[in-house]
Amino acid sequence: SFTYQYTNSSGDTSQYALIVRGDTSINGHRYSILNDGYIDQFIRCNNGSYFLYEPGLSLQDYQLEGGDRLFLHDDYSEGATWSDTVSVAVSGLEQKGLLQYHLLGQQITHTVLGKEYKNVIVVRQDAAVLVGETAYSAGTIATYYYALGIGYIETISPTDTVRLMNYSIN
(Lines give C-alpha, C1' and ligand atoms only; values in the text may rest on other atoms or scores of the structure.)
Protein backbone atom coordinates (compact mmCIF):
# COMPACT_ATOMS: atom_id res chain seq x y z
CA SER A 1 0.00 0.00 0.00
CA PHE A 2 1.04 3.59 -0.62
CA THR A 3 -0.07 6.71 1.27
CA TYR A 4 0.03 10.02 -0.61
CA GLN A 5 -0.36 13.65 0.38
CA TYR A 6 -2.37 15.78 -2.04
CA THR A 7 -1.90 19.59 -1.94
CA ASN A 8 -3.98 21.91 -4.13
CA SER A 9 -2.95 25.35 -5.39
CA SER A 10 -4.56 26.99 -2.31
CA GLY A 11 -2.32 24.94 -0.03
CA ASP A 12 -5.09 22.69 1.29
CA THR A 13 -3.86 19.14 1.92
CA SER A 14 -5.45 15.73 2.21
CA GLN A 15 -4.23 12.16 2.24
CA TYR A 16 -5.25 9.04 0.39
CA ALA A 17 -4.11 5.44 0.20
CA LEU A 18 -3.44 3.49 -2.97
CA ILE A 19 -3.82 -0.23 -2.37
CA VAL A 20 -2.84 -3.06 -4.71
CA ARG A 21 -5.95 -5.26 -4.84
CA GLY A 22 -4.75 -8.02 -7.15
CA ASP A 23 -4.48 -8.46 -10.87
CA THR A 24 -6.70 -8.98 -13.90
CA SER A 25 -6.55 -9.59 -17.63
CA ILE A 26 -7.69 -6.93 -20.13
CA ASN A 27 -7.42 -7.47 -23.88
CA GLY A 28 -4.98 -10.34 -23.28
CA HIS A 29 -2.63 -8.31 -21.05
CA ARG A 30 -2.06 -8.80 -17.30
CA TYR A 31 -2.62 -5.68 -15.14
CA SER A 32 -2.16 -4.92 -11.44
CA ILE A 33 -5.30 -3.43 -9.91
CA LEU A 34 -4.67 -0.38 -7.71
CA ASN A 35 -7.50 1.31 -5.83
CA ASP A 36 -7.55 4.72 -4.13
CA GLY A 37 -10.80 4.09 -2.27
CA TYR A 38 -12.93 5.33 -5.18
CA ILE A 39 -11.76 3.89 -8.48
CA ASP A 40 -9.59 1.09 -9.78
CA GLN A 41 -6.49 1.83 -11.83
CA PHE A 42 -4.96 -0.79 -14.10
CA ILE A 43 -1.16 -0.76 -14.53
CA ARG A 44 1.09 -3.15 -16.44
CA CYS A 45 4.76 -3.40 -17.33
CA ASN A 46 6.20 -4.89 -20.50
CA ASN A 47 10.02 -4.96 -20.78
CA GLY A 48 10.58 -1.53 -19.20
CA SER A 49 7.47 0.10 -20.69
CA TYR A 50 4.67 0.97 -18.24
CA PHE A 51 1.05 1.31 -19.29
CA LEU A 52 -2.09 2.64 -17.63
CA TYR A 53 -5.29 1.17 -19.06
CA GLU A 54 -8.06 3.76 -19.31
CA PRO A 55 -11.52 2.29 -19.86
CA GLY A 56 -13.66 4.01 -22.46
CA LEU A 57 -16.07 6.62 -21.16
CA SER A 58 -19.40 7.56 -22.66
CA LEU A 59 -21.38 10.49 -21.30
CA GLN A 60 -23.91 12.77 -22.94
CA ASP A 61 -21.96 14.91 -25.43
CA TYR A 62 -18.61 13.29 -24.47
CA GLN A 63 -16.95 10.01 -25.40
CA LEU A 64 -13.41 8.86 -24.64
CA GLU A 65 -11.87 5.95 -26.49
CA GLY A 66 -10.41 3.46 -24.02
CA GLY A 67 -6.97 1.92 -24.25
CA ASP A 68 -3.42 1.73 -22.95
CA ARG A 69 -1.50 4.93 -22.19
CA LEU A 70 2.28 4.45 -22.27
CA PHE A 71 3.44 6.68 -19.39
CA LEU A 72 6.97 5.48 -18.61
CA HIS A 73 10.00 3.89 -20.26
CA ASP A 74 12.40 2.96 -17.46
CA ASP A 75 15.06 1.85 -19.95
CA TYR A 76 15.21 5.10 -21.96
CA SER A 77 18.05 7.59 -21.57
CA GLU A 78 17.77 11.12 -20.29
CA GLY A 79 16.54 13.38 -23.11
CA ALA A 80 14.40 10.67 -24.73
CA THR A 81 10.85 11.49 -25.83
CA TRP A 82 7.74 9.55 -26.85
CA SER A 83 4.13 10.41 -27.53
CA ASP A 84 0.61 9.02 -27.45
CA THR A 85 -2.69 10.17 -28.87
CA VAL A 86 -6.09 10.28 -27.20
CA SER A 87 -9.30 10.32 -29.23
CA VAL A 88 -12.43 11.97 -27.84
CA ALA A 89 -15.76 13.09 -29.20
CA VAL A 90 -17.27 16.24 -27.71
CA SER A 91 -20.83 17.02 -28.84
CA GLY A 92 -20.29 14.66 -31.76
CA LEU A 93 -17.11 16.44 -32.91
CA GLU A 94 -14.10 14.09 -33.12
CA GLN A 95 -11.00 15.54 -31.49
CA LYS A 96 -7.51 14.18 -31.05
CA GLY A 97 -5.15 15.06 -28.24
CA LEU A 98 -1.41 14.54 -28.26
CA LEU A 99 0.39 13.55 -25.05
CA GLN A 100 4.12 14.21 -25.25
CA TYR A 101 6.55 12.70 -22.72
CA HIS A 102 10.07 13.98 -22.04
CA LEU A 103 12.51 11.98 -19.89
CA LEU A 104 14.21 14.75 -17.89
CA GLY A 105 16.27 12.63 -15.51
CA GLN A 106 17.43 9.03 -15.16
CA GLN A 107 18.93 7.47 -12.00
CA ILE A 108 18.88 10.72 -10.05
CA THR A 109 18.40 11.25 -6.30
CA HIS A 110 15.19 13.07 -5.32
CA THR A 111 13.83 14.04 -1.89
CA VAL A 112 10.11 13.89 -1.11
CA LEU A 113 8.81 15.06 2.28
CA GLY A 114 12.29 14.70 3.78
CA LYS A 115 12.92 11.16 2.48
CA GLU A 116 15.68 10.64 -0.08
CA TYR A 117 15.00 8.29 -3.01
CA LYS A 118 17.72 6.98 -5.32
CA ASN A 119 17.44 5.75 -8.92
CA VAL A 120 14.60 8.15 -9.73
CA ILE A 121 13.26 8.73 -13.23
CA VAL A 122 11.76 12.15 -14.02
CA VAL A 123 9.16 12.48 -16.81
CA ARG A 124 7.39 15.66 -17.95
CA GLN A 125 4.04 15.21 -19.70
CA ASP A 126 2.89 17.94 -22.09
CA ALA A 127 -0.39 18.11 -23.99
CA ALA A 128 -1.41 19.45 -27.36
CA VAL A 129 -4.53 19.47 -29.51
CA LEU A 130 -4.10 18.08 -33.01
CA VAL A 131 -5.85 19.94 -35.80
CA GLY A 132 -5.05 18.12 -39.01
CA GLU A 133 -1.29 17.59 -38.87
CA THR A 134 -0.63 20.64 -36.66
CA ALA A 135 -0.17 20.35 -32.88
CA TYR A 136 -1.29 23.30 -30.76
CA SER A 137 0.29 23.24 -27.31
CA ALA A 138 -1.99 23.08 -24.28
CA GLY A 139 0.97 23.28 -21.87
CA THR A 140 2.51 20.97 -19.31
CA ILE A 141 0.19 18.57 -17.54
CA ALA A 142 2.69 17.53 -14.85
CA THR A 143 6.18 16.34 -14.00
CA TYR A 144 6.28 12.82 -12.51
CA TYR A 145 8.94 11.19 -10.35
CA TYR A 146 9.27 7.37 -10.21
CA ALA A 147 11.68 5.51 -7.89
CA LEU A 148 13.08 2.14 -8.93
CA GLY A 149 11.52 -0.68 -6.93
CA ILE A 150 8.85 1.62 -5.44
CA GLY A 151 7.01 3.39 -8.24
CA TYR A 152 5.35 6.77 -8.26
CA ILE A 153 6.74 9.11 -5.55
CA GLU A 154 5.75 12.65 -6.63
CA THR A 155 3.76 14.66 -9.14
CA ILE A 156 4.12 18.40 -9.60
CA SER A 157 1.53 20.11 -11.79
CA PRO A 158 0.43 23.72 -12.33
CA THR A 159 -2.58 23.14 -10.03
CA ASP A 160 -1.46 20.65 -7.37
CA THR A 161 1.18 18.28 -6.03
CA VAL A 162 1.00 14.67 -4.91
CA ARG A 163 3.76 13.27 -2.70
CA LEU A 164 4.43 9.79 -1.34
CA MET A 165 4.27 9.84 2.47
CA ASN A 166 4.95 6.14 3.16
CA TYR A 167 4.63 2.73 1.56
CA SER A 168 4.72 -0.96 2.26
CA ILE A 169 5.60 -3.46 -0.47
CA ASN A 170 4.99 -7.13 0.30
Side-chain angles (χ1 to χ4, degrees), residues 1-21 31-45 50-57 59 62-74 76 78 80-88 90 95-106 108-130 135-169:
S1 69
F2 304 83
T3 303
Y4 291 96
Q5 177 188 70
Y6 169 83
T7 306
N8 66 19
S9 58
S10 300
D12 300 324
T13 63
S14 61
Q15 295 178 16
Y16 69 93
L18 193 60
I19 298 170
V20 179
R21 295 186 342 131
Y31 292 83
S32 294
I33 305 168
L34 289 81
N35 184 280
D36 64 5
Y38 299 99
I39 62 168
D40 286 337
Q41 298 176 28
F42 306 95
I43 306 284
R44 74 178 174 93
C45 178
Y50 293 78
F51 298 87
L52 168 68
Y53 179 80
E54 292 183 332
L57 179 65
L59 304 171
Y62 180 83
Q63 291 184 347
L64 172 67
E65 183 180 301
D68 270 340
R69 304 286 173 248
L70 176 58
F71 66 89
L72 176 63
H73 281 289
D74 71 7
Y76 276 24
E78 188 171 320
T81 63
W82 66 95
S83 62
D84 191 10
T85 56
V86 179
S87 298
V88 297
V90 179
Q95 297 182 10
K96 199 170 275 285
L98 177 65
L99 301 175
Q100 301 164 307
Y101 298 87
H102 309 271
L103 204 147
L104 303 179
Q106 177 66 280
I108 68 164
T109 298
H110 185 68
T111 303
V112 178
L113 297 175
K115 180 165 176 43
E116 184 177 279
Y117 296 90
K118 298 183 183 310
N119 297 317
V120 173
I121 301 170
V122 184
V123 177
R124 187 183 76 225
Q125 181 186 35
D126 297 328
V129 176
L130 291 172
Y136 296 92
S137 176
T140 295
I141 294 174
T143 301
Y144 303 94
Y145 296 80
Y146 302 93
L148 182 67
I150 299 168
Y152 161 61
I153 59 170
E154 184 173 38
T155 297
I156 300 172
S157 80
T159 58
D160 52 31
T161 59
V162 178
R163 294 181 174 102
L164 181 64
M165 297 176 66
N166 56 62
Y167 66 94
S168 173
I169 299 176

Less than 3.5 Å apart, which donor and acceptor atoms pair up between the side chains of residues 146-161 and the rest of the protein, not counting sequence neighbours?
| unit_1 | atom_1 | unit_2 | atom_2 | d |
| --- | --- | --- | --- | --- |
| Tyr152 | OH | Thr155 | OG1 | 2.8 |
| Glu154 | OE1 | His110 | NE2 | 2.5 |
| Glu154 | OE2 | Arg163 | NE | 2.8 |
| Ser157 | OG | Thr159 | N | 3.2 |
| Ser157 | OG | Thr159 | OG1 | 3.4 |
| Ser157 | OG | Asp160 | N | 3.1 |
| Ser157 | OG | Asp160 | O | 3.0 |
| Ser157 | OG | Asp160 | OD1 | 2.7 |
| Asp160 | OD2 | Tyr6 | OH | 3.2 |
| Thr161 | OG1 | Arg163 | NH1 | 3.1 |

(request) Please identify each residue that fulfils side chain to side chain contact (heavy atoms under 4.5 Å, CB included) with Tyr38, with sequence neighbours left out. (result) Asp36

(request) Could you list the residues that satisfy side chain to side chain contact (heavy atoms under 4.5 Å, CB included) with Thr3, not counting sequence neighbours? (result) Gln15, Met165, Asn166

(message) Is it the case that the side chain of Trp82 and the backbone of His73 share a donor-acceptor pair, with hydrogens and angles ignored and the cut-off at 3.5 Å?
(response) no

(message) Going by the rule side-chain hydrogen bond (donor to acceptor under 3.5 Å, both in side chains), which residues pair with Glu116 if we only count those two or more places apart in sequence or in a different chain?
(response) Lys118

(message) Using the side chain to side chain contact (heavy atoms under 4.5 Å, CB included) criterion, which residues pair with Leu98? Sequence neighbours excluded.
(response) Ser83, Thr85, Gln100, Ala128, Leu130, Ala135

(request) Name all residues meeting the ring pair (Phe, Tyr, Trp, His ring centres under 6.0 Å) criterion together with Phe42; count only those two or more places apart in sequence or in a different chain, and write none if there are none. (result) none

(request) With sequence neighbours left out, write down each residue that passes salt bridge (Lys or Arg N to Asp or Glu O under 4.0 Å) with Lys115, or none if nothing qualifies. (result) none

(request) Sorted by first residue and then second, give each salt bridge (charged side-chain N to carboxylate O under 4.0 Å, His left out) pair with at least one member in residues 2-18; sequence neighbours left out. (result) none

(message) So, using side-chain hydrogen bond (donor to acceptor under 3.5 Å, both in side chains) as the criterion, who are the partners of Ser137 when residues are at least two apart?
(response) none

(request) Taking the side chain as every heavy atom from C-beta outward, state whether Leu113 and Leu164 have any pair of such atoms under 4.5 Å apart. (result) no

(message) Which residues pass the side-chain hydrogen bond (donor to acceptor under 3.5 Å, both in side chains) test with Gln106, not counting sequence neighbours?
(response) none

(request) Identify, with sequence neighbours excluded, every residue that meets side-chain hydrogen bond (donor to acceptor under 3.5 Å, both in side chains) alongside Tyr117. (result) none

(request) For Asp40, check salt bridge (Lys or Arg N to Asp or Glu O under 4.0 Å) against everything at least two apart and list the hits. (result) Arg21

